[in-house]
Amino acid sequence: MKPERGKLTIVGCGPGGAEYLTQQALTAVAEADLLCGPRFLLDLFPEAQGERVVTGPDARQVAALILSRMDECRVALLVTGDPGLHSLAGPVARLLGRERVQVVPGVSSVQLAFARLGLPWENARVFSLHGVSEEEAELVLGALATVSTAAVLCSPAWTPGKIFGVLRNTAGHRRAHVFWDLGRPTEGRMAGTVTELAGRFEGPGRSVLILTEAEE
Ligand SMILES: C[S@@+](CC[C@H](N)C(=O)[O-])C[C@H]1O[C@@H](n2cnc3c(N)ncnc32)[C@H](O)[C@@H]1O
């Protein structure tokens, strides 16, 4: 997919390792005049010639920057995983108008976590604990305990350890698999029941937690 003037190209960059980049992502980034995104994603494209601007998680700020440049140059916004899953891509596309956006799909961290387990995920429910209020987190944690297969995007505020602390009363028997740094040389994982892990394992905020009904 080629970036165009007057349109934003949102590029799903996969979980973070260069080998999970698609050919479409490489082409879009190689041909963009301006690359926006977090530093660790910009660094995945050392060969790209476009101007680089490090952007943060504030969708309004990102959209304002892109709007100010997109008519004069071909802009690519780099996001982690797939742009369709709990991504900055959603609010940025809403602010710009969907007709002004094209999307390059990417490998999601959730996809990769299920692949590591060798499990299908068509019946899984995916939850995010990113930027949620206490009330929203309570709803997510309540729903989590009721579905048989769940994936949770953890966050610095909601680490795996904090989630286990809440779930130990309602879902202590469930099997938990935590993955961090998926697709990178520092990739790691931990597994056990919620009860076994609660109080013993904190885990990084940037993790995917998979909850299954029983021993897999
Ligand atoms: C804002 S969400 C973006 C999700 C992304 N759109 C996707 O499809 O993976 C960020 C969260 O995704 C998860 N995540 C993204 N990359 C990851 C990786 N390489 N390893 C583990 N978790 C990751 C973590 O839960 C992180 O806190």
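Below, each value reflects all heavy atoms present in this structure, side chains not excepted, and no hydrogens, waters or symmetry copies. As the structure lists them, so they are numbered: ligands from 1, and atoms in each ligand from 1.
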Undergrad: Report, in ascending order of atom number, the atoms of ligand 1 lying under 4.0 Å from any heavy atom of Ser109.
TA: 7 (C), 8 (O), 9 (O), 12 (O), 13 (C), 14 (N), 15 (C), 16 (N), 17 (C), 23 (C)
Undergrad: With backbone taken as N, CA, C and O and side chain as the heavy atoms from C-beta onward, which portion of Ser108 lies under 4.0 Å from ligand 1: side chain, backbone, both, or neither?
TA: both
Undergrad: Do any N/O atoms on Thr80 end up under 3.5 angstrom from N/O atoms on ligand 1?
TA: yes
Undergrad: Flag the pair Val75 / Ile66 as yes when at least one side-chain heavy-atom distance between them is below 4.5 Å, and no otherwise.
TA: yes
Undergrad: Check whether any N or O atom of Ser87, backbone or side chain, sits under 3.5 Å from an N or O atom of ligand 1, and answer yes or no.
TA: no
Undergrad: List every atom of ligand 1 that sits less than 4.0 Å from any heavy atom of Val208, numbering the atoms from 1 in the order shown and giving each element.
TA: 22 (N)
Undergrad: Numbering the atoms of ligand 1 from 1, which are under 4.0 Å from a heavy atom of Leu85?
TA: 4 (C), 5 (C), 6 (N), 8 (O)
Undergrad: Please check: side-chain N/O of Asp58 versus main-chain N/O of Gln61, any donor-acceptor pairing under 3.5 Å?
TA: yes
Undergrad: Can you tell whether the side chains of Arg69 and Glu51 come within less than 4.0 Å, N to carboxylate O?
TA: yes
Undergrad: Has Arg74 got a side-chain atom pairing as donor or acceptor with Glu31's backbone, closer than 3.5 angstrom?
TA: yes
Undergrad: Please list the nearest protein heavy atom to atom 16 (N) of ligand 1 with its residue and the distance rounded to 0.1 Å.
TA: Arg206 NH2, 3.2 Å
Undergrad: Between Gln24 and Thr27, does any side-chain donor sit less than 3.5 Å from a side-chain acceptor?
TA: no
Undergrad: To which protein heavy atom is atom 12 (O) of ligand 1 closest, and what is the distance rounded to 0.1 Å?
TA: Leu153 CD2, 3.6 Å
Undergrad: Can you find a side-chain donor-acceptor pair between Ser108 and Asp82 that sits under 3.5 Å?
TA: no
Undergrad: Should Asp82 be counted as touching ligand 1, given the test is an N or O pair under 3.5 Å?
TA: yes
Undergrad: With a heavy-atom distance limit of 4.0 Å, tell me whether Ser155 approaches ligand 1 through its side chain, its backbone, both, or neither.
TA: neither
Undergrad: Which of the numbered atoms in ligand 1 are below 4.0 angstrom from a heavy atom of Asp181?
TA: 19 (N), 20 (N), 21 (C)
Undergrad: For His130, take its heavy atoms, then give the atoms of ligand 1 lying under 4.0 Å from any of them.
TA: 10 (C), 11 (C), 26 (C), 27 (O)
Undergrad: Less than 4.5 Å apart, any side-chain heavy atom of Leu8 and any of Ile10?
TA: yes
Undergrad: Strictly by modelled atom types, are Thr159 and Glu202 linked by a side-chain donor-acceptor pair under 3.5 Å?
TA: yes
Undergrad: Please confirm whether Gly16 comes within less than 3.5 Å of ligand 1 when only nitrogen or oxygen atoms on both sides are compared.
TA: no
Undergrad: Quick one: does Arg184 get within less than 4.0 Å of ligand 1, heavy atoms only?
TA: yes
Undergrad: Decide yes or no for Val152 and Trp158: does some side-chain heavy atom of the first lie under 4.5 Å from some side-chain heavy atom of the second?
TA: no
Undergrad: Indicate yes or no for a side-chain donor-acceptor contact from Arg168 to the backbone of Thr195 under 3.5 Å, with no hydrogens or angles considered.
TA: no
Undergrad: Among all protein heavy atoms, pick the one closest to atom 3 (C) of ligand 1 and tell me residue, atom and distance.
TA: His86 O, 3.4 Å
Undergrad: Return the residue, atom name and 0.1 Å-rounded distance of the protein heavy atom closest to atom 18 (C) of ligand 1.
TA: Leu182 N, 3.6 Å
Undergrad: Does Pro15, backbone or side chain, put an N or O under 3.5 Å from an N or O of ligand 1?
TA: yes
Undergrad: Closer than 4.0 Å to some heavy atom of Phe179 - which atoms of ligand 1 meet that?
TA: 21 (C)
Undergrad: Below 4.0 angstrom, N of the basic side chain to O of the carboxylate: do Asp71 and Lys7 qualify?
TA: no
Undergrad: Name the residue from His177, Gln111, Glu187 that meets the side chain to side chain donor-acceptor pair (under 3.5 Å) definition with Arg116.
TA: Glu187
Undergrad: For atom 24 (C) of ligand 1, what's the nearest protein heavy atom and its distance?
TA: Ser207 O, 3.6 Å
